[in-house]
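In this text the structure is predicted, and so the values were computed from the model without any measurement. In what follows, residues are counted from 1 in the order of the sequence shown.
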Amino acid sequence: MTTFCRQQRSNLRSLLNHAPCRHNSSTATLADASLTWPEYLAIRRAKRRWELATTIPATILGFGLGAAYFGSLEGDTTKPIMGIDPLWVYSGATLACGGFGYLIGPTIGSSIWRLTHRRTMTLIDARDREFHRRIVKNRVDPRSQSATNPVPDFYGEKIGSLHQYRQWLRDQARYRRKAAWPED
């Protein structure tokens with residue numbers, strides 16, 4: 001690991017641990033303490049990792065609980081459920097429980113992450129609003145997309161560094177040119 005990376009990590013840790021906390025006010029200004037773009041994008045990338053890390057156990061837990069519940073039910077083949085064999089219905093319900101766990105996992109991860117980063121949430125929320133304003137301003141019009149030419153990362157979800165943000169801007173410009181002047 002280079003010294004630059006170590007210095008960036010230590011700067012980020014000190015910002016997260018010693019950021020000012022305002023208790024009596026609902027709004028915070030960036031004049032108190034500021035969050036640079038590389039620090040913000042590193043925090044955003046860490047948040048996405050938390051969401052992903054909680055999605056996997058939530059999916060397994062949902063599937064396991066569904067299998068435990070629907071596996072314990074008696075399935076009488078002479079009494080179909082809405083005209084379908086109960087084994088198929090219970091199997092589908094078990095898979096739906098796993099799907100529900102997959103959908104709820106990022107929400108759980110985001111909530112846990114927000115609880116652990118309460119001190120800097122005002123700074124992060126301010127940067128989030130500014131970041132999303134930039135995304136909305138620079139993204140392409142989705143009405144010109146087609147099945148063979150989809151819009152590249154419309155919401156900017158995969159942006160985790162300045163390099164990726166610049167690449168996202170280039171991709172948007174390339175798509176805008178391609179939509180305006182289709183290649184034959």
Has Asp171 got a side-chain atom pairing as donor or acceptor with Pro152's backbone, closer than 3.5 angstrom?
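Not at all, since once roles are kept as given, no pair shorter than 3.5 Å links the two residues.
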Taking Glu157's backbone N and O only, do any of them form a donor-acceptor pair with Asp153's side chain (distance below 3.5 Å, no angle check)?
yes
Does [X] belong to the same Ile/Leu/Val/Met/Phe/Trp/Tyr cluster as [Y], with side-chain heavy atoms less than 4.5 Å apart forming each link?
| X | Y | answer |
| --- | --- | --- |
| Phe100 | Ile60 | no |
| Ile124 | Leu162 | yes |
| Tyr102 | Leu95 | no |
| Val140 | Tyr155 | yes |
| Val151 | Ile159 | no |

Nearest 0.5 Å please: distance from the [atom1] atom of [X] over to the [atom2] atom of [Y].
| X | Y | atom1 | atom2 | result |
| --- | --- | --- | --- | --- |
| Leu35 | Leu41 | CG | CG | 9.0 Å |
| Thr120 | Ile43 | OG1 | CD1 | 5.5 Å |
| Glu39 | Leu123 | CD | CG | 10.0 Å |
| Gln172 | Gln167 | CD | CD | 10.5 Å |
| Glu130 | Ile135 | CD | CD1 | 11.5 Å |

For a quick test of reading the model, state the closest non-hydrogen atom pair linking [X] to [Y] and the distance between them.
| X | Y | value |
| --- | --- | --- |
| Cys97 | Gly62 | CB-O, 3.3 Å |
| Leu115 | Arg118 | O-NE, 3.1 Å |
| Ser110 | Glu51 | CB-OE2, 3.5 Å |
| Gly105 | Ala58 | CA-CB, 3.7 Å |

So, are Asp125 and Arg114 salt-bridged, with charged N and O less than 4.0 Å apart?
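Yes, Asp125 and Arg114 are salt-bridged.
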All side-chain contact (heavy atoms from CB on, under 4.5 Å) counterparts of Trp50, not counting sequence neighbours
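Ile112, Trp113, Thr116.
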Partners meeting side-chain contact (heavy atoms from CB on, under 4.5 Å) with Ser161 (sequence neighbours left out)
Arg45, His163, Gln164
Are Arg127 and Tyr40 in a cation-pi contact, defined as NZ or CZ under 6.0 Å from the six-membered ring centre and within 45° of the axis?
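No, Arg127 and Tyr40 do not form such a contact.
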More than 12 foreign heavy atoms under 6.0 Å from CZ of Phe131: is that the case here?
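It does: Phe131 CZ has more than 12 such atoms within range.
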Just wondering, more than 12 heavy atoms not from Tyr165 lying within 6.0 Å of its OH?
yes
When Ile, Leu, Val, Met, Phe, Trp and Tyr are grouped by side-chain heavy atoms lying under 4.5 Å apart, directly or through other members, which residues fall in the same group as Tyr90?
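In the cluster with Tyr90 are Tyr69, Phe70, Leu73, Ile81, Met82, Ile84, Trp88, Val89.
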